[in-house]
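Working notes for the structure below.
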Amino acid sequence: QFTDGLDQVTYGLNDVNLLDWFGPCPPEGDEPHGYVFTLYALTEALDLEPGLDGRQLRNAIEPVAAGQTQLVAFYGR
């Protein structure tokens, strides 16, 4: 399991059903795609099992989220 060298990082399932980072990869020839990155400020640490999907992760975060911000980045090949 890929952790960017940080033991406290737990990965969930990404869009290609892997438990690791899968960077932006729009199809060749497409216009640039927008990718939304969301950062949450939590009031407490969560001990989550690996393998949550995005919906499950948001449901776990919601009760302890003090705030959030988003960045939209565009990437093309």
Side-chain angles (χ1 to χ4, degrees):
Q1 181 174 344
F2 182 73
T3 64
D4 294 335
L6 301 172
D7 291 336
Q8 62 270 36
V9 173
T10 303
Y11 282 88
L13 289 176
N14 60 27
D15 288 342
V16 291
N17 287 323
L18 297 176
L19 287 175
D20 58 13
W21 169 252
F22 187 82
C25 190
E28 287 191 45
D30 273 15
E31 293 292 321
H33 288 207
Y35 295 86
V36 180
F37 297 87
T38 305
L39 176 68
Y40 293 91
L42 305 181
T43 59
E44 62 186 71
L46 298 176
D47 185 21
L48 302 175
E49 292 295 319
L52 297 177
D53 64 24
R55 180 183 45 78
Q56 293 168 319
L57 179 59
R58 281 188 300 278
N59 288 343
I61 287 173
E62 192 174 272
V64 296
Q68 72 180 52
T69 191
Q70 290 185 328
L71 167 74
V72 179
F74 290 87
Y75 178 76
R77 299 198 288 168

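Along the sequence shown, the residues carry numbers beginning at 1.
Among pairs with a residue in residues 54-67, none fulfils side chain to side chain donor-acceptor pair (under 3.5 Å), at least two apart in sequence or across chains. Screening residues 29-40 for side chain to side chain donor-acceptor pair (under 3.5 Å) gives D30-H33, T38-Q70 as the qualifying pairs, with residues at least two apart or on separate chains.
In this structure, CG on D53 lies 11.5 Å from CG on N14, to the nearest 0.5 angstrom.
Looking at every heavy atom in both residues, T43 comes nearest to A66 through CG2-CB, 3.8 Å. Listed here is the closest heavy atom pair of A60 and L48: CB-CD2, 3.9 Å. When all heavy atoms are compared, the tightest approach of G76 to P26 is CA-CG, 4.0 Å.
As a member of the Ile/Leu/Val/Met/Phe/Trp/Tyr network built from side-chain separations under 4.5 Å, F74 groups with V36, V72.
Contact of the L13 side chain with the L18 side chain is not registered, since no non-hydrogen atoms from C-beta on lie closer than 4.5 Å.
A continuous path of hydrophobic side-chain contacts links F37 to Y75 [ILVMFWY only; heavy atoms under 4.5 Å].
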